[in-house]
Amino acid sequence: CLQKVDTFLHRSIGTNVVAAQSEATRKDESDEKEKDGRKSLYVVQAERQEQAEKSVLISCNSRTNEKKFLKHLSRHGDIKKHFFYESYGMYAVVEFVNQESVASLLEEAAIPSVSHESMVPFKSRLLSLRNVGSVASPNQQPGQQCQPQTTIPINELIQRLSREESIDQQITSLTEAYQLTEENSRLRFLVCSLLKDIAAAYFPECNIKPFGSSVNGFGKLGCDLDMFLDLDGISGRNIKMPKSGLCLEYQMKRANSERAVTQSILSVIGECVDQFGPGCAGVHKILNARCPLVRFAHQPSGFQCDLTTNNRVAMKSTELLYLYGELDPRVRCLVFTVRCWARAHGVTSSIPGAWITNFSLTVMVLFFLQRRSSPIIPTLDHLRDLAGPADKSVIEGNDCTFVSDFSKIQLHSNTETLEQLLCGFFEFYAAFPFSMKSINIRKGKEQNKPEVAPLHIQNPFENSLNVSKNVNATQLDRFVALCQESTWLLQKSETNTPTPTPWGLASLLLPSQVAGIKSRKKRRREPASERIKSLLESLKNKNEQKTS
Ligand code: GTP
Ligand code: MG
């Protein structure tokens with residue numbers, strides 16, 4: 001099973017987070033690291049960004065003839081890759097071999113002529129395909145295959161898992177169904193690149209990089225797109241003043257604090273996105289949050305976007321999560337499974353509130369993996385001790401240093417199966433002394449709680465902060481009760497042959513039977529028994545279809 005996991009491990013992508021050190025040094029090191037078969041975050045991110053720069057996003061018709069479309073575009077140069085997807089209409093992502101082709105294509109594109117509306121004359125790489133003077137015949141077949149950009153519905157997933165032969169296979173299958181595809185990753189980088197073109201009107205040397213689950217290896221199709229406006233190309237490349245003699249420096253506007261600068265930059269860029277950004281809608285500036293951000297929907301991709309700047313610690317967390325996910329294929333599988341289980345039971349939610357977040361949940365899985373009698377992943381302190389000079393990173397006084405060279409990390413031998421680990425996860429948290437102890441992946445050991453909070457998970461880089469400060473006692477109790485129930489369900493699940501009845505992991509995703517636990521979702525939906533009944537019915541029908 002581990003081998004199978006390995007085959008799709010490298011399909012996911014990651015971002016690199018560079019704090020103080022020069023990008024050139026990191027690139028040299030990354031070239032070295034590629035030799036051990038695993039691409040470093042820096043290399044993968046650089047590749048993805050380059051692809052994005054050479055790509056355009058085109059709204060087209062579902063009847064568009066693929067051949068004709070490609071022939072039309074290839075007048076500007078060779079096309080390296082293309083794919084179609086649907087999101088409120090049909091779209092195509094087209095990557096050219098050379099960047100000049102994009103310039104040539106844009107040169108030829110027309111400005112829309114509409115008589116009753118006015119438009120902002122901002123040109124971008126988001127275009128529309130027009131078929132002037134021709135009418136599509138109504139019975140024409142769709143011209144191309146679409147790449148899915150969302151996950152399959154939970155009931156379909158449960159059916160798929162029920163047909164697997166072991167819990168290990170179920171976990172692998174869930175990860176395969178949920179993880180970001182190659183195409184979805186490309187689209188995420190392309191949206192960042194399109195946004196960068198807007199921000200570059202003010203800051204030509206800026207970069208916009210994805211972070212969070214879009215790139216940390218734990219992203220599920222449909223997850224939000226966290227973006228980081230990186231201005232280090234301007235301020236990070238500061239030329240040293242000579243010891244004596246004349247020199248010039250820029251005059252710059254001053255503000256009272258770093259936070260005030262962040263707020264004013266995001267306010268202006270947010271305004272540009274709102275007023276000029278094609279396809280960007282519902283822009284909200286959330287500038288008073290602990291981490292100021294601009295939230296909007298990018299309609300052509302269907303992504304919910306969060307744009308931040310000066311958010312280097314979050315970039316570092318992304319890099320750390322990516323590293324842990326790459327160390328052992330079981331890490332990603334377990335995180336995907338626990339995240340899916342938590343979402344199915346309303347332990348996590350897309351609405352901000354007292355729920356456990358996906359980030360906290362991921363840290364809990366990592367901690368559990370550090371606590372095995374033969375640990376599957378090392379502690380953050382150990383990763384810091386292995387760091388080389390180029391890995392040194394101090395952000396706002398916090399030591400964010402850890403090794404980036406995979407080959408320096410020696411792992412313990414641990415042969416536990418995914419099934420054993422999933423059972424172990426539920427058992428571990430079903431009995432965890434939450435009232436007294438804090439979860440700490442830096443030390444890899446529970447610590448005494450430094451403050452009163454139902455759930456205390458130490459922020460890996462800002463040690464005085466609790467990443468689960470928002471979680472209330474009710475939500476923690478639900479989590480613990482569900483862990484207890486899942487332990488029990490897995491223990492009694494002995495069957496080893498695929499059956500139409502949800503079993504193993506599939507049974508864990510069904511509505512909870514735990515007495516007294518009310519899921520917010522459950523109250524709005526039909527009763528659990530009804531859902532199970534309809535699910536069994538559809539499984540039965542499928543089985544009958546197969547055998548007939
Ligand atoms: P989903 O969006 O839910 O799929 O997961 P995500 O990992 O992207 O989480 P989210 O969008 O909430 O946050 C984006 C990134 O910001 C995370 O991956 C972390 O790197 C970072 N982050 C989020 N919450 C916290 C927090 O409480 N503390 C710290 N240090 N970093 C956080
Ligand atoms: Mg996110």
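Ligands are counted one by one from 1 in listed order, and the atoms in each one are counted from 1 as well.
- Within the 4.0 angstrom cut-off, atom 7 (O) of ligand 1 has one or more protein heavy-atom neighbours.
- Among protein heavy atoms, atom 18 (O) of ligand 1 sits closest to Gly212 CA, 3.3 Å.
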Please lay out, stage by stage, how Thr401 and Asp399 fare under the test side-chain hydrogen bond (donor to acceptor under 3.5 Å, both in side chains). CA-CA 6 Å; Thr401 306; Asp399 186 4; 2.7 Å; yes

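- Arg339 counts as a contact of ligand 1, since one of its heavy atoms falls under 4.0 Å from the ligand.
- Counting the atoms of ligand 1 from 1 in the order shown, those under 4.0 Å from a heavy atom of Cys223 are 4 (O).
- Among all protein heavy atoms, the one lying closest to atom 16 (O) of ligand 1 is Phe211 CE1, 3.6 Å.
- Listed by chain and residue number, nothing satisfies the side-chain hydrogen bond (donor to acceptor under 3.5 Å, both in side chains) test with Thr151 (two or more places apart in sequence, or in another chain).
- When the shell of 6.0 Å around CD of Gln275 is examined, it contains more than 12 heavy atoms from other residues, nucleotides or ligands.
- For the Mg ion (ligand 2), protein N/O/S neighbours under 2.8 Å (waters excluded) are Asp224 OD1, Asp226 OD2.
- Looking only at atom types and distance, the side chain of Asp381 has no donor-acceptor partner in the side chain of Thr379 under 3.5 Å away.
- For ligand 1, one of its N or O atoms has an N or O atom of Asn459 under 3.5 Å away.
- Close approach of ligand 1 to Thr318 is summarised as follows: ligand atoms under 4.0 Å from at least one heavy atom of the residue are 20 (O).
- Around NZ of Lys437, the count of heavy atoms belonging to other residues, nucleotides or ligands within 6.0 Å exceeds 12.
- Using bins of under 30°, 30° to 60° and over 60° for the plane-to-plane angle, the ring pair Trp341/His345 lands in the perpendicular bin.
- Aromatic rings of Phe428 and Phe425 (six-membered ring for Trp) have centroids beyond the 6.0 Å cut-off, not under it.
- Both the backbone and the side chain of Ser213 come within 4.0 Å of ligand 1, judged by heavy-atom distances.
- Between Asp391 and Ser404, the side chains place a donor N or O and an acceptor N or O closer than 3.5 Å (distance only, hydrogens not considered).
- Checked for salt-bridge contact, Arg371 and Glu446 meet the test: a charged N lies under 4.0 Å from a carboxylate O.
- In terms of protein heavy atoms, atom 27 (O) of ligand 1 is closest to Val467 CB, 3.7 Å.
- Looking at ligand 1, you'll find an N or O of Ala314 within less than 3.5 Å of one of its N or O atoms.
- Side-chain contact check for Arg48 and Gln51: at least one donor-acceptor pair (N or O, by modelled atom type) lies under 3.5 Å.
- Side-chain N/O atoms of Arg478 and Ser512 include no donor and acceptor closer than 3.5 Å.
- The shortest separation from a heavy atom of Thr357 to ligand 1 is not under 4.0 Å, leaving the residue out of contact.
- Tested against Ile457 for a side-chain contact (heavy atoms from CB on, under 4.5 Å), the candidates Thr357, Ile356, Ile439, Leu465 yield a single pass: Ile439.
- Of the candidates Phe218, Tyr322, Phe359, Phe228, the one placing a heavy atom closest to atom 25 (C) of ligand 1 is Phe359.
- Atom 11 (O) of ligand 1 has as its closest protein heavy atom Asp226 OD2, 3.0 Å.
- Remark: minimum distance from atom 2 (O) of ligand 1 to any protein heavy atom is reached at Asp224 OD1, 2.8 Å.
- Atoms of ligand 1 lying under 4.0 Å from at least one heavy atom of Asn358, given by number and element, are 1 (P), 3 (O), 4 (O), 5 (O).
- In the model, Arg339 has a side-chain atom that pairs as donor or acceptor with a side-chain atom of Thr362 under 3.5 Å.
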